[in-house]
Engineer: 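Have a look at the structure that comes next, please.
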Amino acid sequence: MPNIKSAAKRVKTAAKANLRNRSVKSELLTYRRKVQEAIASGDKAAATSAVSVYASKLDKAVKKGVIKGNTADRKKSRSALALAKLA
């Protein structure tokens with residue numbers, strides 16, 4: 001445990017941020033799985049809406065600083081490409 005008061009505060013805030021970030025990353029994995037399932041099922045309408053929601057969630061994660069912008073762009077691009085191959 002830290003001896004300095006500010007260091008102790010940083011431990012607390014880092015723990016809170018870790019929980020928040022884990023929650024967001026877990027949510028992203030869930031939506032990625034939904035996109036993959038929708039594409040695998042062959043339902044273009046469901047896949048389109050799933051990709052749209054996934055892209056939105058990725059953008060929100062970037063805005064919160066959980067993931068980097070290029071990472072989100074790459075993931076959006078790959079899901080859009082998979083959707084395009086479905087057609």
Side-chain angles (χ1 to χ4, degrees):
M1 196 65 199
N3 294 326
I4 298 169
K5 193 173 185 179
S6 62
K9 279 184 179 179
R10 287 306 303 159
V11 167
K12 285 183 187 177
T13 57
K16 279 169 45 176
N18 185 13
L19 274 177
R20 193 167 43 246
N21 291 344
R22 248 191 307 166
S23 170
V24 171
K25 283 186 179 183
S26 173
E27 186 181 31
L28 287 177
L29 288 173
T30 301
Y31 281 99
R32 185 178 74 186
R33 182 180 44 77
K34 287 181 181 180
V35 167
Q36 290 171 341
E37 288 173 354
I39 289 172
S41 73
D43 185 6
K44 187 161 171 81
T48 304
S49 69
V51 167
S52 176
V53 171
Y54 182 52
S56 173
K57 295 291 181 181
L58 284 168
D59 289 335
K60 287 179 183 178
V62 170
K63 194 174 174 184
K64 291 177 182 178
V66 176
I67 61 173
K68 293 190 175 185
N70 286 348
T71 303
D73 291 343
R74 184 180 67 245
K75 290 177 187 234
K76 286 190 288 188
S77 177
R78 287 180 181 172
S79 60
L81 184 63
L83 178 63
K85 284 183 180 177
L86 179 65

Engineer: Tell me every residue that passes side-chain contact (heavy atoms from CB on, under 4.5 Å) with Val11, counting only those two or more places apart in sequence or in another chain.
Structural biologist: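 Listed in chain order: Pro2.
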Engineer: Please collect all side chain to side chain donor-acceptor pair (under 3.5 Å) contacts where either partner lies in residues 9-22, sequence neighbours excluded, each pair once.
Structural biologist: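 Listed by first then second residue: Arg10-Thr13.
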Engineer: If a pair satisfies side chain to side chain donor-acceptor pair (under 3.5 Å) and one of its residues is in residues 48-58, list it, with sequence neighbours excluded.
Structural biologist: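 Output for this query lists Glu27-Lys57.
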Engineer: Kindly give the heavy-atom pair with the smallest separation between Val24 and Ala61, and that separation in Å.
Structural biologist: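 What the structure gives for the nearest pair is CG1-CB, 3.8 Å.
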Engineer: Which heavy atom of Ser79 sits nearest to which heavy atom of Val35, and what is that distance?
Structural biologist: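 Minimum heavy-atom contact is CB-CG1, 4.3 Å.
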Engineer: Among residues at least two apart in sequence or on other chains, which ones pass side chain to side chain donor-acceptor pair (under 3.5 Å) with Lys75?
Structural biologist: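 Not a single residue meets the side chain to side chain donor-acceptor pair (under 3.5 Å) criterion with Lys75.
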Engineer: Please report the closest heavy-atom contact between Ala47 and Ile39, naming both atoms and the distance.
Structural biologist: CB-CG1, 3.9 Å
Engineer: Sequence neighbours left out, what passes side-chain contact (heavy atoms from CB on, under 4.5 Å) with Ala55? Give chain and number order.
Structural biologist: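 Once residues adjacent in sequence are excluded, the partners of Ala55 under the side-chain contact (heavy atoms from CB on, under 4.5 Å) criterion are Lys76.
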Engineer: Return the set of residues passing side-chain contact (heavy atoms from CB on, under 4.5 Å) with Arg78 (not counting sequence neighbours), or none when no residue passes.
Structural biologist: Arg74
Engineer: Only pairs at least two apart or in different chains count here, so list each side chain to side chain donor-acceptor pair (under 3.5 Å) that has a residue in residues 31-40.
Structural biologist: Arg33-Glu37
Engineer: Just distance, no hydrogens or angles: give the donor-acceptor pairs under 3.5 Å from side chains in residues 64-72, sequence neighbours left out.
Structural biologist:
none

Engineer: Mark yes when over 12 heavy atoms from residues, nucleotides or ligands other than Leu29 sit less than 6.0 Å from its CG; otherwise mark no.
Structural biologist: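 Atom CG in Leu29 is packed in, count exceeds 12.
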